[in-house]
Amino acid sequence: QYTKIAPTVQNCLKKTLAEYPKVVSIAQALHKAGGHVFLVGGAVRDLLLGNIPKDLDIEVHNVPLEELERILQQYGPVSTVGKSFGVIRV
């Protein structure tokens with residue numbers, strides 16, 4: 001499924017995504033809305049080291065901020081403390 005990723009990282013990624021089904025669902029909804037979703041931050045470092053991340057940060061492109069907020073509100077309360085620079089927290 002993740003053919004360009006080393007097998008050890010693939011295994012950690014599969015375990016991680018199983019632990020965070022809400023993130024998978026959010027990523028699918030954003031993709032359906034035309035967005036491009038990327039896993040970023042410490043989770044990437046942890047996966048490359050063969051560790052299971054403690055949390056996940058995603059970066060979204062190609063979805064206007066207002067639409068992003070609307071989609072995320074379907075998954076829980078949305079914090080817009082970083083809205084001025086495009087950071088939203090669920």
Side-chain angles (χ1 to χ4, degrees):
Q1 180 174 343
Y2 309 103
T3 57
K4 295 182 181 181
I5 302 173
T8 55
V9 176
Q10 286 184 37
N11 291 334
C12 284
L13 182 57
K14 287 178 186 177
K15 289 177 186 176
T16 299
L17 294 178
E19 294 283 323
Y20 295 94
K22 185 186 279 190
V23 173
V24 174
S25 183
I26 289 170
Q28 290 169 337
L30 293 169
H31 180 73
K32 185 176 179 181
H36 302 285
V37 181
F38 301 92
L39 185 61
V40 298
V44 175
R45 176 205 57 232
D46 292 344
L47 289 167
L48 290 172
L49 293 172
N51 300 321
I52 304 297
K54 293 179 178 74
D55 64 2
L56 299 178
D57 296 319
I58 60 172
E59 185 171 320
V60 180
H61 295 257
N62 208 37
V63 177
L65 192 56
E66 296 78 23
E67 185 177 357
L68 179 60
E69 281 185 70
R70 183 186 58 75
I71 291 169
L72 293 177
Q73 287 172 347
Q74 298 171 29
Y75 297 93
V78 174
S79 172
T80 57
V81 294
K83 186 176 180 177
S84 63
F85 49 92
V87 175
I88 299 175
R89 183 179 183 152
V90 178

Pair up each side-chain donor or acceptor in residues 34-57 with any protein partner under 3.5 Å, not counting sequence neighbours, and list the distances.
none

Before you tell me yes or no, could you show the steps for V60 and I88 under side chain to side chain contact (heavy atoms under 4.5 Å, CB included), namely the whole-Å CA-CA distance, both residues' side-chain angles and the distance that decides it to 0.1 Å? CA-CA 10 Å; V60 180; I88 299 175; over 6 Å; no
For Q28, enumerate each residue passing the side-chain hydrogen bond (donor to acceptor under 3.5 Å, both in side chains) test, keeping only those at least two apart in sequence or located in another chain. none
Output a table of donor-acceptor pairs, distance under 3.5 Å, between side-chain atoms of residues 68-75 and any protein atom two or more places apart or on a different chain; print 'none' if there are none.
{"from": "E69", "atom 1": "OE2", "to": "K83", "atom 2": "NZ", "distance (Å)": "3.0"}
{"from": "Y75", "atom 1": "OH", "to": "S25", "atom 2": "O", "distance (Å)": "3.3"}
{"from": "Y75", "atom 1": "OH", "to": "S25", "atom 2": "OG", "distance (Å)": "3.2"}

Going by salt bridge (charged side-chain N to carboxylate O under 4.0 Å, His left out), name the pairs with one or both residues in residues 28-41, residues two or more places apart or in two chains. none
